[in-house]
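Chain letters run A, B, ... following the sequence lines, proteins first and then strands; every chain starts at 1.
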Amino acid sequence: MIGVRWRKVLRDLTHLRSRTILVVASIAIGVVAVGTTTGARSALDRSLADAYRLAQSSSFAVYTAEPFDPELVEPIRRIRGVEVAEGRRTVSVRIRTGETWRDLQLTAIPDWEDQHVDALLPHVGAWPPDRGELLLERSTGTLADLPVGSGARIELPDGREEEIRIAGLAWEPGASPAYYFGRLSGYVTFETLADLGFDERFQEVRVRAADAAAIGPVTIRALADAVRLRLERAGHPVTFILQPPAGSHPAQELLDAVFVILGGLGALSLVVSGFLVANTIGVVLTQQTRQIGVMKAVGAARGAVALLYLGLVAAYALLALAIAIPAAMLLGFLLSGFVASLVNLDAPGLTLEPAALLLMLGVGLLVPLAAGIVPVVRGTGVTVQAALRYTGVAETYGHGLLDRLVAALRGLPRPALLALRNTFRRKGRLLLTLAALAFGSAVAMTLFSVRDGLRREMTETFSYFAFNVRVDLARPVRSEAAIAAVERVPGVTAVEGWQYGSALRLRPDGSESGTLPIFGLPAEVRTVRPRVEQGRWLLPDEGRALVATTNLLRDEPDLRIGDQVRLKIRGRTADWTLVGLIRSPTMEPTLYMSDRSLGEMTGALGRTSMVAIQAQLPPGGTDADLAVAARAALEEAGIDVTGTSTLGDIAKTVGTLFDTLILIITAMAFLLGIVGALGLAGTMTMNVVERSREIGILRAVGAGDRAIIQVVLAEGLAIGFLAWAVGALLAIPLAMLLAGAIGEALLQRPLPASPSVLGFALWLGVVLFLATVGSLLPAWRASRLPVREILAYE
Amino acid sequence: MSEEARPAIIELTDVVKEYRTDAGPFRALDGVSLRIDAGELVAIVGRSGSGKSTLLNIVTAIDRATSGSVVVAGTELGGLAERQTPRWRGTTVGVIFQFFQLLPTLTILENVILPMDFAGRGSARERRERALGLLESVGLADQAGKLPLSTSGGQQQRAAIARALANDPPLLVADEPTGNLDSATAEAVFSLFRELAASGKTVVMVTHDSELANRTERAIRMVDGRVVDDGRGGSATA
């Protein structure tokens, strides 16, 4: 049987339900925020690790200009340091989806049952596909509607069309999802590839280095060079080496950015929740002042009373945990499922992550107790005499500078004056309420600013792309021929032939950089608008001048404008002067030089393998129409096209990433709004309860319902406005911090984060609305209190 | 019983209590010396601000004297550390308030058990039995399971008296115990005090009600922080 004093704790919990709900909700919200983010992160980390393990990712892939015999893979396998090497062939075709054609990367797998690198796994339907059948990567469903079991038409580079059956879906756990690059991926057998008219041999070799995670990118690069040499010695020039970052899944970077946001928000929500709890416990103690006095008068020592109230706090915490743990589990499941679907991972199941559980238990018990300890110690320290004399009418008002300043205000209506003075009466309470609300507001406004920053970043990134359509050619052709063919397409305003290649930087210390994509652009380029951040852009007829994207400095931090940069391109080495750094339009560090310079190095002077087209679209016309017309014009001129990409495709790639973050951020801002509303509603309710006696006095001296409501409402609005103002000041440095962290995680540079005027204004509206809603019920209740009862209440 | 035969339960010698206020120091008790013996039923009367309640707070160790000696039930209160006072009070003094001050979320019975709980007195069963017995003695056994707010003012005050008796203290102190009750209920409460005094308890009550004061064995009259009549035919103020 529990002691009477503990029965009081239980009764307090059940009798004062609205207060219990408020405190429990305050604690639960913080715990849910932390538990959801930690749980989702923990589950996603596991999914990511599973996917990475299943993926058996390659350390690099080497692509040749022409196909090579499968027998050539064997000597590559014997190169020292190579753990696994497998040949494949990937070709670009188009597939019809509804009324439009989409680019499809078709990869032929030599042995479906025995894959050791860049593994493909069965997902739905046939495995392996039969001759004449195709498996689509499962994430293609986000881009195109191609049902399993149906037939589809594909268009080959020479313009022929063939029918192929979609026999199922496969999962390539190490690959980026389809929308990431805006193109579809499919898998066939080499027999099917041959039936479609392609050479049946390999054109790429995927290699995993022994102990890849430990040996570092430079050693892997050296191994890739050894493989390249082996292929080139066998007469197969290498066009490109793809070396992804070792040791992590391609989705890691996006997930890191998501986790930076989620982790930060989880922690901030917890802080807000801590303030709310401290405030509410403080109010609970204030309300119980007389009871504390009575207990002390009948023999309770301060420690015994403090223990009772800490027990009450612990009971609140346990109740909150009982709600928060399943809620966080469910929300974590939904969040991790959503994020997993974005990055083509298997959705983690509905599990209770041990890390999240431990954190929730720790945080859920410790934060309320820590937040409650000061009010409990202070509240129980009250003398019996003071406690019994306590009437709920503040006795210390009017002494401080702030009180005198507020008291000096003149000309306002009496209820407004009273409300304003009430606001500053309990400064400790005001401070805690403000801390919770202002912090919540600061976070919400920070999120709006970061959201704006992301949007602005996206717009600025897109401003780089001044073309409507980019066409990849099957092989380099004379630039004039390609340009002339496309210029005939109606509406085209500019056509440029770009050179494309890859380079290695030979550093002064003798080491080599990773493979760097390099674009050779015509003098006075019109189809891109590079944004120069340092130095300048390329000048016509400049010779060996080089421009790089700023994110190159992450890998090559020693580079300065004016430096001589030694590059190896197609086996030839030459020095270039770095004349400028431009903002990176993609996450990949890229080099730019004149088409003539690159052409001289690659031996493709005057030839182009990529055509960028800028056009004035006719009314109702789309980039996709332009792509079709350009392709037709080129093919009519005898130029084979492997693929086209429209600005819309690129926008989709970049946009999806940003939209995901923006969606998560907006959802979090919404959640914080709820926390804020809860906090203010709670404070206002407590204020009204505590001032019942005063309200009684007001009514006794003739205040009508309307006047009472006005006083309470005005106080709520004053607190709301103050919280917004303090929050706005806090939001500016917070936005810079968060934008910096997200930018570094996602773009390797800080995001711009100037205050979002619209966001701040919107949040002011939200706060005032919440303040109104939060105060209206307490105000109405106050107006209902019968005078006799209030004044009789002791 | 003669005065000499009864031991003193309260002995105040030259007690001063000063408060600091915005308007300067305020002397609530001004050199009070007083002796109250065991088993007395004493009323302290005086106007508002005369120092009655301050005197009561000093005697119950709710407040401390600025100077002078306060000995209650053999304990010099000035020598009692702050943390020792609740337990001392719990076992030595039963306090009864004008506004009853029952905890609203505990039943009448539980309110009576609470001081025993804090004092660690007896087993749970013994506490319950004693509380029920006390409620029986104040005529509230049938209300034991009710919450205070669902009982009348008189019932609440009787419950408060039962609570004050929970740890069987030798001294009961009541601040305006009938101030909030109708005359019939006030009479019943006063009768209870008389019975308690007859059974050996000392009952000291502050009251505005001069008629009630006149019916006690002894009425101590206070004016401006001084005892002007100690009820034994003299002023006890130094």
Side-chain angles (χ1 to χ4, degrees), chain A residues 1-17 19-20 284 287-309 312 315 380-392 395-399 689 693 789 791-794, chain B residues 19 22 53-54 56-58 60-64 82-107 109-121 123-125 127-128 131 147 149 153 160 163-167 169 173 175 180:
Chain A
M1 192 171 128
I2 59 168
V4 166
R5 64 177 98 172
W6 295 110
R7 240 177 279 166
K8 170 178 156 47
V9 171
L10 282 181
R11 297 280 165 74
D12 282 353
L13 280 174
T14 50
H15 278 240
L16 305 167
R17 269 188 294 276
R19 192 184 71 192
T20 302
V284 169
Q287 281 178 285
Q288 298 240 323
T289 303
R290 276 169 169 267
Q291 297 199 23
I292 291 169
V294 172
M295 283 190 280
K296 284 183 153 187
V298 300
R302 181 182 182 178
V305 180
L307 201 63
L308 270 192
Y309 285 96
L312 183 68
T380 55
V382 67
T383 63
V384 179
Q385 190 190 7
L388 295 178
R389 210 175 49 216
Y390 183 74
T391 57
E395 289 153 357
T396 54
Y397 182 77
H399 294 287
V689 170
R693 199 173 159 81
E789 272 181 34
L791 294 179
Y793 173 77
E794 280 290 331
Chain B
Y19 292 108
D22 290 347
S53 295
T54 308
L56 227 55
N57 286 340
I58 299 279
T60 52
I62 282 174
D63 206 350
R64 284 176 179 267
E82 195 59 50
R83 60 187 163 74
Q84 294 173 307
T85 54
R87 183 163 275 263
W88 172 84
R89 191 166 44 237
T91 52
T92 317
V93 190
V95 188
I96 299 155
F97 305 95
Q98 178 181 1
F99 293 103
F100 330 129
Q101 306 288 15
L102 297 172
L103 298 191
T105 54
L106 294 183
T107 62
L109 177 67
E110 288 164 345
N111 265 286
V112 178
I113 294 174
L114 193 64
M116 294 186 263
D117 208 12
F118 284 130
R121 184 190 168 111
S123 66
R125 190 178 166 170
R127 289 176 206 171
R128 187 182 161 80
L147 288 173
L149 288 175
R163 180 179 65 184
L165 292 166
N167 287 325
V173 170
D175 192 358
N180 229 26

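A side chain to side chain contact (heavy atoms under 4.5 Å, CB included) with A:V384 is found for one member of B:T60, B:V95, B:I62 and no other, namely B:I62.
Ranked by non-hydrogen atom pairs under 4.5 Å with chain B, the options A:G303, A:A301, A:G299, A:A304 are led by A:G299. When the candidates B:P86, B:A164, B:A61, B:G90 are compared by the number of heavy-atom contacts under 4.5 Å with chain A, B:P86 comes out ahead.
Between B:E110 and A:K8, no side-chain nitrogen of the basic residue sits less than 4.0 Å from a carboxylate oxygen of the acidic one, so the salt-bridge criterion is not met.
Looking at B:T107, both its backbone and its side chain come within 4.5 Å of chain A, counting heavy atoms on both sides. If you measure heavy-atom distances from B:L147 to chain A, the contacts under 4.5 Å come from the side chain alone. B:R163 touches chain A through its side chain: at least one heavy atom from C-beta onward sits under 4.5 Å away, while N, CA, C and O do not.
A 4.5 Å side-chain heavy-atom check between B:D63 and A:T383 finds every atom pair outside the cut-off. Contact of the B:L103 side chain with the A:M295 side chain is registered, since non-hydrogen atoms from C-beta on lie closer than 4.5 Å.
Heavy-atom contacts from other residues, nucleotides or ligands closer than 6.0 Å to CZ of B:R87 number 12 or fewer.
Between the side chain of B:D117 and the backbone N or O of A:G3 there is no donor-acceptor pair closer than 3.5 Å.
Here B:F118 contributes atom CZ and A:K296 contributes atom NZ; the two are 11.0 Å apart, rounded to the nearest 0.5 Å. To the nearest 0.5 Å, the span separating CD on A:Q291 from CG on B:L102 amounts to 10.0 Å.
Checked against side-chain hydrogen bond (donor to acceptor under 3.5 Å, both in side chains), B:N57 has no partners two or more places apart in sequence or in another chain.
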